[in-house]
Amino acid sequence: MFNRRAALATIAGAASLALALSGCGQTGASGSTGGSKGGTIGIAMPTQASERWLTDGKSVVDDLQARGYKTKLVYGEDNPKTQVSQIANLIEQGVDALIIAAIDNKSLNGVLKQAADADIPVISYDRLILGTENVDYYVSFDNEMVGLVQGDYIIDKLGLEDGKGPFNIELFAGSPDDNNTKYFFEGAMQLLEPYLDNKQLVVRSRQTELNDVTTLRWDGPTAQKRMKAILDESYKDAEVDAVLSPYDGISLGILSALKSDGYGSDGKPYPVITGQDAELPSIKSIIAGQQSQTVYKDVRKLAEVAASMVHDILNDRRPRVNNRTDYDNGVKDVPAYLLQPTSIDKTNYDVLVQEDYYTADELE
């Protein structure tokens, strides 16, 4: 059986490492934020439909402008062809570097060849760009750890280590064209699979493989439709006890289907439902006792690391990384800097106010 406690010890150790290296977001390898040559940085984000990406975009712009750079921020609105066109336009405009959160991580090979030909460095932001040598660095959170945190939360809340069960669980994953999806899912399943094997956890829909549970574009309505179909087909005489959800938007879609099926009333309690990104609607849902948990990733810190990397590259310094071997994009191991996530539920959501991520008024 997978050693859950060893995995959780890894979380603590990785968090300590992150604290030790946290200066990366504030200084370059030389230990200075000064000496900028200036320039213009192109920033390509996936969509404005997610609160998370609006925060990322603003944070990256703010950090770069604070360092004396001009910025050009574009959103691809979840259309890979639009994003490719936007990046090509940024290259034509002569940007000095690119920060890209890919919509489709396999669609950028051609346009990134153009960037390389123009000597424009590329930082892959949060989502690893695949299938090209023309990506210089990767900045993200520890994506496998996100899944471990979600799986551990389900184990704890259901009392699986105490032998409780069986419980019914359904599995959801992110978009199939996002490389992070497999890391989130595999991290969670490392912890959950032993309980599936011994029947403490039962997937009544029998949809357990990654290819069966992905959610294109991380879309909430798509998740809602799938959850409704699962309830109609597999839960006419049973209740769902837990749902592994990789992202808050998906979680809220799942909740909509559950509410339509009577959960939250008529003596049908909500199942344990995980999430990710600590988006405001989901935090309010957690406070209201609906969604159970989310994974908080302070994207302001991620933006700071990305800005620091750009600053170092353009000032002929080597950016600091803390992982050189785990992020193979199919062509090369992309050097990465990873930040650590935090589990948030009804017991500790006030940390979001303490860290000025939200105000107390926003959470009311």
Side-chain angles (χ1 to χ4, degrees), residues 1-2 4 146-161 163-178 180-276 282 285 290-295:
M1 178 177 289
F2 184 84
R4 174 185 174 230
V146 170
L148 286 167
V149 167
Q150 292 169 338
D152 177 65
Y153 190 85
I154 291 172
I155 291 167
D156 182 62
K157 290 304 172 183
L158 295 182
L160 296 177
E161 280 198 325
K164 295 181 181 179
F167 296 103
N168 296 319
I169 187 172
E170 293 299 330
L171 310 175
F172 282 72
S175 191
D177 53 10
D178 185 341
N180 287 352
T181 291
K182 69 176 183 179
Y183 288 104
F184 299 147
F185 189 71
E186 289 172 359
M189 294 307 287
Q190 283 185 63
L191 298 183
L192 296 178
E193 277 180 349
Y195 299 103
L196 292 168
D197 291 343
N198 71 10
K199 309 302 182 185
Q200 280 181 262
L201 291 177
V202 178
V203 181
R204 290 177 68 91
S205 70
R206 300 184 179 179
Q207 297 172 19
T208 59
E209 299 300 319
L210 179 58
N211 290 341
D212 297 326
V213 302
T214 54
T215 311
L216 185 63
R217 301 284 182 268
W218 303 86
D219 182 58
T222 298
Q224 179 179 351
K225 182 178 179 180
R226 178 171 169 250
M227 189 72 222
K228 182 180 184 305
I230 289 172
L231 292 171
D232 289 345
E233 295 169 10
S234 303
Y235 288 89
K236 293 177 181 177
D237 57 353
E239 294 183 9
V240 185
D241 300 301
V243 182
L244 173 67
S245 171
Y247 159 62
D248 287 347
I250 289 175
S251 308
L252 294 182
I254 292 166
L255 271 166
S256 293
L258 290 166
K259 290 175 185 177
S260 296
D261 202 59
Y263 286 81
S265 61
D266 302 327
K268 291 176 69 173
Y270 290 112
V272 176
I273 304 173
T274 59
Q276 179 181 186
S282 279
S285 178
Q290 299 176 1
Q291 185 173 327
S292 307
Q293 178 261 7
T294 188
V295 177

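This chain uses plain numbering: 1 for the first residue, then up along the sequence. Since this is a predicted model, take the numbers as computed values, not measurements.
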field: Stepwise side chain to side chain contact (heavy atoms under 4.5 Å, CB included) check, V149 with Q293
entry: CA-CA 10 Å; V149 167; Q293 178 261 7; 3.7 Å; yes
message: Measuring only between side-chain heavy atoms, which start at C-beta, is I169 closer than 4.5 Å to V243?
response: no
- request: Examine the side chains of E209 and N211 and answer whether a donor and an acceptor come within less than 3.5 Å of each other.
  value: no
query: So, do T274 and V295 sit near enough that their side-chain heavy atoms are less than 4.5 Å apart?
result: no
field: T294 side-chain N/O to Q276 backbone N/O, donor-acceptor pair under 3.5 Å
entry: yes
query: Any side-chain donor paired with an acceptor under 3.5 Å for Y270 and Q291?
result: no
- prompt: Does a side-chain heavy-atom distance below 4.5 Å link K182 with L210?
  reply: yes
task: Show the numbers, then the answer: is there a side chain to side chain contact (heavy atoms under 4.5 Å, CB included) between L196 and M189?
output: CA-CA 9 Å; L196 292 168; M189 294 307 287; 3.5 Å; yes
message: Less than 4.5 Å apart, side chain to side chain, heavy atoms only: is that true for V202 and F167?
response: no
message: Name the residue from L244, D152, T208 that meets the side chain to side chain contact (heavy atoms under 4.5 Å, CB included) definition with L192.
response: L244
task: With rounding to the nearest 0.5 Å, note down the distance linking CD in E239 to CG in L258.
output: 10.5 Å
- prompt: Do F172 and Q207 come close enough that some side-chain heavy atom pair is under 4.5 Å?
  reply: no
message: For the backbone of D177 and the side chain of T181, can you confirm whether one donor and one acceptor N or O come within less than 3.5 Å of each other?
response: no
Check: S205/E233 side-chain N/O donor and acceptor closer than 3.5 Å: no
task: State, with a plain yes or no, whether a side-chain heavy atom of T215 is found less than 4.5 Å away from one of S175.
output: no
task: Determine, step by step, whether L158 and L201 satisfy the side chain to side chain contact (heavy atoms under 4.5 Å, CB included) criterion, reporting the C-alpha distance in whole Å, the side-chain angles of both residues, the deciding distance to 0.1 Å, and the verdict.
output: CA-CA 10 Å; L158 295 182; L201 291 177; 3.8 Å; yes
query: Do S265 side-chain atoms and G262 backbone N/O form a donor-acceptor pair below 3.5 Å?
result: yes
- request: Looking only at non-hydrogen atoms, find the nearest pair between E170 and Y235 and report the distance.
  value: OE2-OH, 2.6 Å
message: V240 vs Y263, test: side chain to side chain contact (heavy atoms under 4.5 Å, CB included). Steps then yes/no.
response: CA-CA 9 Å; V240 185; Y263 286 81; 3.7 Å; yes
task: Could you tell me whether K228 and D261 make a salt bridge, using a distance below 4.0 angstrom between a side-chain N and a carboxylate O?
output: no
- request: Can you measure from CG (D156) to CD1 (I154) and round to the nearest 0.5 angstrom?
  value: 11.0 Å
task: To the nearest 0.5 angstrom, please state how far the CZ atom of R206 sits from the CG atom of L171.
output: 14.5 Å
message: Let me confirm one number: the OG-CG distance from S260 to L255, rounded to the nearest 0.5 Å.
response: 10.5 Å
- prompt: Would you say V213 and F185 make side-chain contact, with heavy atoms under 4.5 Å?
  reply: yes
field: Nearest-0.5 Å distance, CE of residue M227 to OG1 of residue T222
entry: 15.0 Å
message: Using modelled atom types and a 3.5 Å cut-off, is there a donor and acceptor pairing between side-chain atoms of Q200 and backbone atoms of L160?
response: yes
- prompt: How about D241 and V272: do any of their side-chain heavy atoms sit closer than 4.5 Å?
  reply: no
message: Counting neighbours of NZ on K259 that are heavy atoms of other residues, nucleotides or ligands and sit closer than 6.0 Å, is the number greater than 12?
response: yes
message: Minimum heavy-atom separation for G174 and P246, please, with both atom names.
response: N-CG, 3.6 Å
